[in-house]
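Structure first, then comments.
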Amino acid sequence: ADALVSIDLQNVSLPEALHYFSQFTHMNVVVSPAVRGKTSLYLKNVSADHALDFLLQTNNLAKQRVGNVVFISTRNEVLQNKEEELKWLE
């Protein structure tokens, strides 16, 4: 089962927040240069996966898993990447 975490991030850059997540979840994370802005997150006793999902959703970001690496970017960039992959498969 996913361990529960508590997070208190105040006005940190999104790349910093994602770096923080990668450290305590031991995930390999690649953050797109398109990810900009600041965020604040206060969560108590939630799963790390849910915490990451909340962070992504509230900042209009999305994740794309490739093997054991999670690529994080804007929703639009992830959708464009998926569309390009589908074109290659045709």
Going by atom type alone, with no hydrogens or angles, which donor-acceptor pairs under 3.5 Å involve a side-chain atom of residues 30-38 and a protein atom two or more places apart or on another chain?
unit_1, atom_1, unit_2, atom_2, d
Ser32, OG, Ala34, N, 3.0
Ser32, OG, Ser73, OG, 3.3
Ser32, OG, Glu77, OE1, 2.7
Arg36, NH1, Pro33, O, 3.4

Side-chain donor-acceptor distances from residues 51-61 under 3.5 Å, at least two apart:
unit_1, atom_1, unit_2, atom_2, d
Asp53, OD1, Lys63, NZ, 3.1
Thr58, OG1, Phe54, O, 2.9
Thr58, OG1, Leu55, O, 3.3
Asn59, ND2, Thr39, OG1, 3.3
Asn59, ND2, Leu55, O, 2.9
Asn60, OD1, Arg75, NH1, 3.4

### Task
Quick one: list whatever passes side-chain contact (heavy atoms from CB on, under 4.5 Å) with Gln80, sequence neighbours left out.
none

### Task
Answer yes if Val78 and Val70 sit in the same cluster of Ile, Leu, Val, Met, Phe, Trp and Tyr residues linked by side chain heavy atoms under 4.5 Å apart, and no otherwise.
no

### Task
With sequence neighbours left out, write down each residue that passes side-chain contact (heavy atoms from CB on, under 4.5 Å) with Asn76, or none if nothing qualifies.
Thr74

#### Entry: Heavy-atom pair with the smallest gap, counting every atom of Val29 and Ser22
CG2-CB, 3.6 Å

### Query
Roughly how far apart are Phe21 CZ and Leu41 CG, rounded to 0.5 Å?
5.5 Å

### Task
Check side-chain contact (heavy atoms from CB on, under 4.5 Å) between Asn45 and all other residues, then give those that pass, not counting sequence neighbours.
Leu4, Ser6

### Task
Report whether Val69 and Phe71 are members of the same hydrophobic cluster (ILVMFWY, side-chain heavy atoms less than 4.5 Å apart, transitive linking).
yes

Quick one: side chains of residues 7-17, donor-acceptor pairs under 3.5 Å with protein atoms, not counting sequence neighbours, listed by atom name and distance.
unit_1, atom_1, unit_2, atom_2, d
Ser13, OG, Glu16, N, 3.2
Ser13, OG, Glu16, OE2, 3.3

